[in-house]
Amino acid sequence: MVGAHRLNAADQIEGSVLLHHDGVGHGQHYHSPCVTDHVNDSVTTLRTPEPDTTANRPGG
């Protein structure tokens, strides 16, 4: 279950999407290839992942 503080933070940023990660902890950008791909794609294309996207593929 997503913590209320995460939803609250995402709600405060217009157009933001909360990327879910099936794993422990936060700060997964450098530790999860799936998260890294989503973040890098959104930064370079200015498109966010679809709402309710979960980064959970093998290895990431």
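Val43 and Val35 fall within a single hydrophobic cluster, where Ile, Leu, Val, Met, Phe, Trp and Tyr are joined by side-chain heavy atoms under 4.5 Å apart, directly or via other members.
Contacts of Asp41 classified as side chain to side chain donor-acceptor pair (under 3.5 Å), with partners at least two apart in sequence or in another chain: none. Remark: Thr53 pairs with Leu19, His38, Pro49, Glu50 by the side-chain contact (heavy atoms from CB on, under 4.5 Å) rule, at least two apart or across chains.
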